[in-house]
Undergrad: 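First, the structure itself, so that you have it in front of you.
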Amino acid sequence: MSTTAPAPVTATPSVSATSTAKGTASLVLGICSLFAGWTFFAPAIGLILGIVSLRGEPRARTQATWGIALNAIAMSIWVILTILALAFGWIAATSTVFGQ
């Protein structure tokens, strides 16, 4: 009769419970989008990472919230600037004030 004890079970924390990588990445993308002038893709990725981080990384809630806010501000600024550029370009193209 063999009496071998089973291997002890060690509890390892899951990666998502202790990780703050997505929240941090969202925050960094938000800061870079505002100050470096990154346009549409970086804020969109930052928004997605921030939302995913809010749901899966409880320790990164503050970073994810700031990342979402900064990315939303950066994206809205670029959308507004694009709309204004298109509007003024259309006005300039159809106006007779500019020497046409």
Undergrad: Could you tell me whether a side-chain N or O of Ser26 sits under 3.5 Å from a main-chain N or O of Gly46, the two making a donor and an acceptor?
TA: yes
Undergrad: Hydrophobic clusters join Ile, Leu, Val, Met, Phe, Trp and Tyr when side-chain heavy atoms are under 4.5 Å apart, directly or via other members; which others share one with Val52?
TA: Ile48
Undergrad: Between Leu81 and Phe35, is there shared hydrophobic-cluster membership here, with clusters defined by ILVMFWY side-chain heavy atoms closer than 4.5 Å?
TA: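 Yes, one cluster joins them.
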Undergrad: Using atom types as modelled and distance alone, determine if a side-chain donor or acceptor of Ser53 lies under 3.5 Å from a backbone N or O of Leu49.
TA: no
Undergrad: Which pairs with one or both residues in residues 28-37 pass side-chain hydrogen bond (donor to acceptor under 3.5 Å, both in side chains), sequence neighbours excluded?
TA: none
Undergrad: Identify whether Trp90 and Ile80 are in the same connected component of the hydrophobic contact network (ILVMFWY, side-chain heavy atoms under 4.5 Å).
TA: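 Yes: a chain of side-chain contacts under 4.5 Å links Trp90 to Ile80.
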Undergrad: Compare all side-chain heavy atoms of Leu34 with those of Asn71 and state whether any distance is below 4.5 angstrom.
TA: no
Undergrad: Same cluster or not: are Ile51 and Phe41 linked, directly or through other Ile, Leu, Val, Met, Phe, Trp or Tyr residues, by side-chain heavy atoms under 4.5 angstrom apart?
TA: yes
Undergrad: In the single-linkage hydrophobic clustering (I, L, V, M, F, W, Y; side-chain heavy atoms under 4.5 Å), do Leu70 and Ile77 co-cluster?
TA: yes
Undergrad: What donor-acceptor contacts under 3.5 angstrom involve side-chain atoms of residues 61-69, with partners at least two apart or in another chain?
TA:
from, atom 1, to, atom 2, distance (Å)
Gln63, OE1, Thr24, OG1, 3.1
Thr65, OG1, Arg61, O, 2.7

Undergrad: If I take atom CD1 from residue Ile83 and atom CH2 from residue Trp78, how far apart are they, to the nearest 0.5 angstrom?
TA: 13.5 Å
